[in-house]
Amino acid sequence: MNTKLQQRRGFTIIEVVLVLAIAALIILMVFIAWPALQRTQRDQARKSDVALIGSTISTFKSNNKGKLPSICELNKLVFKQGTSIYQAVDCEGAAAVTGSDIITQSTVADDSVVDIKQVIVVPGGRCDGNNVRTDRSPRQVALAFAVEANGTPMRQCQEV
């Protein structure tokens with residue numbers, strides 16, 4: 001007896017459902033991870049911009065015998081260098097340019113929340129962890145800014 005084996009054509013419903021379930025799992029993992037990746041990218045851009053602001057202040061100080069730039073001078077210098085987030089404030093009396101601001105304050109309270117759209121320049125400040133103290137030389141500068149930690153702003157500090 002010569003029996004011919006019948007060949008299978010196509011996929012069974014179980015195989016199709018299994019492939020669709022695996023594809024759905026992969027898509028779900030991407031959608032879960034995507035906001036965290038975006039948040040990390042924004043935080044890296046903020047840190048890069050703060051480093052640019054700090055180097056701009058250092059360059060200005062070295063070119064001007066240790067004098068700190070005024071907020072208008074700093075904003076113009078930073079704007080020329082093209083930060084990705086923080087933009088210049090129009091110092092001629094008009095409203096701020098759209099985007100985030102670089103502002104100067106004499107101090108930042110320990111319990112205050114720094115907006116993620118601002119860099120606060122504190123002349124005479126120094127970093128004490130993520131807090132800013134103002135008991136140093138007036139030529140010292142601290143930069144207070146915030147990053148997104150699980151969706152809530154978390155203050156950071158960097159000395160110049």
Side-chain angles (χ1 to χ4, degrees), residues 21-160:
I22 291 170
L25 248 153
I26 292 171
I27 290 172
L28 180 66
M29 288 189 323
V30 167
F31 279 127
I32 290 172
W34 188 256
L37 292 172
Q38 288 178 322
R39 188 170 35 249
T40 302
Q41 186 178 16
R42 287 190 302 265
D43 286 346
Q44 291 295 358
R46 282 186 195 95
K47 290 177 181 180
S48 173
D49 286 348
V50 169
L52 176 69
I53 294 165
S55 68
T56 301
I57 292 171
S58 293
T59 303
F60 187 91
K61 282 175 21 178
S62 66
N63 291 340
N64 293 287
K65 300 178 184 175
K67 177 186 167 225
L68 292 175
S70 70
I71 191 63
C72 291
E73 291 169 325
L74 177 60
N75 274 297
K76 289 175 186 174
L77 290 170
V78 169
F79 185 67
K80 284 180 187 175
Q81 294 182 15
T83 65
S84 61
I85 299 174
Y86 303 101
Q87 297 185 18
V89 173
D90 185 357
C91 293
E92 280 73 40
V97 175
T98 57
S100 303
D101 299 328
I102 302 168
I103 59 174
T104 300
Q105 286 182 201
S106 59
T107 187
V108 179
D110 289 348
D111 59 348
S112 69
V113 176
V114 177
D115 188 354
I116 60 173
K117 296 181 179 182
Q118 293 178 332
V119 173
I120 300 174
V121 180
V122 183
R126 70 173 176 86
C127 295
D128 182 15
N130 289 330
N131 295 320
V132 180
R133 301 283 180 249
T134 54
D135 54 7
R136 272 223 132 144
S137 161
R139 294 182 184 217
Q140 179 75 24
V141 176
L143 302 173
F145 63 103
V147 294
E148 298 174 68
N150 298 323
T152 59
M154 185 176 87
R155 185 183 1 207
Q156 301 280 303
C157 185
Q158 181 175 329
E159 290 182 5
V160 179

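- Residues passing the side chain to side chain donor-acceptor pair (under 3.5 Å) test with N64, sequence neighbours excluded: none.
- Pairing each heavy atom of P153 with each of A146, the nearest pair is CB-CB, 4.1 Å.
- Here the CD1 atom belonging to I32 is positioned 4.0 Å from the CG atom belonging to L28, to the nearest 0.5 angstrom.
- To the nearest 0.5 Å, atoms CD (Q140) and CG (L68) are separated by 9.5 Å.
- Residues R42 and E148 are in side-chain contact: their nearest non-hydrogen atoms beyond the backbone lie under 4.5 Å apart.
- Here the shortest heavy-atom pairing between G125 and V132 reads CA-CG1, 4.3 Å.
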Salt bridge (charged side-chain N to carboxylate O under 4.0 Å, His left out) for D43 and R46? Distances and angles first, verdict last. CA-CA 5 Å; D43 286 346; R46 282 186 195 95; 2.9 Å; yes

Assess the residue pair R126 and D128 against the criterion (side-chain contact (heavy atoms from CB on, under 4.5 Å)); give the C-alpha distance rounded to whole Å, side-chain angles, the decisive distance to 0.1 Å, and a yes or no. CA-CA 7 Å; R126 70 173 176 86; D128 182 15; 4.2 Å; yes

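- Atoms CZ and CD1, on F31 and I27 in that order, are 7.0 Å from each other to the nearest 0.5 Å.
- The residue from R155, Q44, K47 that alone fulfils the side chain to side chain contact (heavy atoms under 4.5 Å, CB included) condition with V147 is K47.
- Between A142 and C157, the shortest heavy-atom contact is CB-SG, 4.2 Å.
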Using the side-chain contact (heavy atoms from CB on, under 4.5 Å) rule, take L37 and Q41 through it: C-alpha gap first, then chi angles, then the decisive distance, then the call. CA-CA 6 Å; L37 292 172; Q41 186 178 16; over 6 Å; no

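- Counting all heavy atoms, side chain and backbone alike, S58 lies closest to V160 at OG-CG1, 3.2 Å.
- Between the side chain of E159 and the backbone N or O of C127 there is at least one donor-acceptor pair closer than 3.5 Å.
- Separation of atoms CD1 (I120) and CG (L143) is listed at 10.0 Å; rounding is to 0.5 Å.
- Looking at V119 and D49, their side chains never come closer than 4.5 Å, going by heavy atoms from C-beta outward.
- Between F145 atom CZ and M154 atom CE the span is 9.0 Å, to the nearest 0.5 Å.
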